[in-house]
Amino acid sequence: MPHPDLTVKIGKLILKNPVIVSSGTFGFGEEFEDFFDLNQLGAIIPKGISLIPMVGNPPPRIFETEGGILNSIGLQNPGFQAFIKNKLPYYRGLKTHLIINFFGNTQKEYIELARRFDQVPAISALEMNISCPNIKRDGIVFGTDPQMAYRLVQAVRKVTILTLIVKLSPNVTDIGLMAKSVEEGGADAVSLVNTFRAMAINIHTRKPELGNMIGGLSGPAIKPIALRMVWEVSQAVQVPVIGMGGIMNAEDAIEFILAGASAIQIGTANLINPKTGMEVIQGIKKYLVQNKINHVQKLIGTFKIPNAP
Ligand SMILES: Cc1cc2nc3c(=O)[nH]c(=O)nc-3n(C[C@H](O)[C@H](O)[C@H](O)COP(=O)(O)O)c2cc1C
């Protein structure tokens, strides 16, 4: 069996394989084109886009920690108009799916962006980042309040027919509950995890290592927690789950698939080895051949629970 089938389905999308590069860690794609043929990827997710341009947080914005990185980029991006004008044409030449990661500061902004992106050809799906504070509601993060998340997804669902993926924050007590809420709101899929709120202090200056003091932790340090969350979410919802958090190689990716992920995203690993995406695709293929499995879909959620009948 030399060519196992790697295709997976996320909402209306058929991905040629389950490997996606995650938002904020792969630039706008073209920065990586010298390293490998980007058309090999299941999908590309560029940096998160807001309605108006954002300058981001004060530096330093990245700090390396044990087994991971802290970042406080602050969602810097060129905004909707400049993205469409300057960045989108590049993707028209690619033969992989473009998934747009977007966010707003208010429900109105989320709706407006989804409505606008819905009209743009060349976009395959939307990934809605709900790990942002609602500035009209005293900064309560949409993604940590199940009711607020439900209402937000329900409102966005009404303005787009594109596959709607909701990206969950891990900074909650019960991520299964959050996933259930956004599924009920109309999400076609959920992706998780975003970064964990975290910080570091320089003992010599006694100041925070990040200009913004608090940032998000990603990379191998978070993998076991992310894996547990993907497992819990896959038990809580019917819609496909896209797993991420510290995936560095094919073995990590396969763990997430066994835990219930239909697809996976590569994040921090892109910053260390820009070819990780390609290597993970090859590694998954090899594993399927070695284990005589003819379709990657047969692997999803097949983690064997001890003592299960
Ligand atoms: C530098 C950096 C920038 C990021 N920017 C975004 C972003 O704009 N939107 C988003 O939804 N997630 C963003 N993320 C989160 C990643 O997409 C991913 O969810 C997270 O890093 C966990 O995966 P990893 O451990 O494989 O990196 C960013 C992460 C990093 C490290």
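Order of listing sets the numbers, starting from 1, for every ligand and every atom in it. All values reported here derive from a predicted model rather than from experimental measurement.
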Heavy-atom side-chain contact between V241 and S262 under 4.5 Å: no

Centroid separation F80 to F117 less than 6.0 Å: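 Yes; F117 has its ring centre under 6.0 Å from that of F80.
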
Aromatic ring proximity F142/F103, centre distance under 6.0 Å: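 Centroid separation for F142 and F103: 6.0 Å or greater.
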
Connected hydrophobic set around I14, excluding itself, where side chains approach under 4.5 Å: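 In the cluster with I14 there is nothing else; it is isolated.
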
From I225, I69, I222, N71, residue fulfilling side-chain contact (heavy atoms from CB on, under 4.5 Å) relative to L217: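 Exactly one pass, corresponding to I222.
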
Look only at interatomic distance and state if [X] has a nitrogen or oxygen under 3.5 Å from any nitrogen or oxygen of ligand 1.
X    : answer
Q265 : no
G267 : yes
I69  : no
T195 : no
A269 : no

Side-chain donor or acceptor of N17 paired with backbone N/O of G42 under 3.5 Å: yes

Is it the side chain, the backbone, both or neither of [X] that has a heavy atom closer than 4.0 Å to ligand 1?
X    : answer
L271 : neither
T25  : side chain
N129 : side chain
N77  : neither
E127 : neither
N101 : side chain

For T268, atoms of ligand 1 separated by under 4.0 Å from a heavy atom: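 Heavy-atom distances to T268 below 4.0 Å select 24 (P), 25 (O), 26 (O), 27 (O).
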
Closest approach of any protein heavy atom to atom 22 (C) of ligand 1, naming residue and atom: V193 O, 3.6 Å

Closest approach of any protein heavy atom to atom 15 (C) of ligand 1, naming residue and atom: N194 OD1, 3.5 Å

Nearest-option assignment for atom 28 (C) of ligand 1, heavy atoms, candidates P46, G215, S23: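 Selected option, by shortest heavy-atom distance: S23.
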
Residues R228, E232: salt bridge by 4.0 Å N-O rule: yes

Donor + acceptor pair across side chains of S50, E109 (<3.5 Å): no

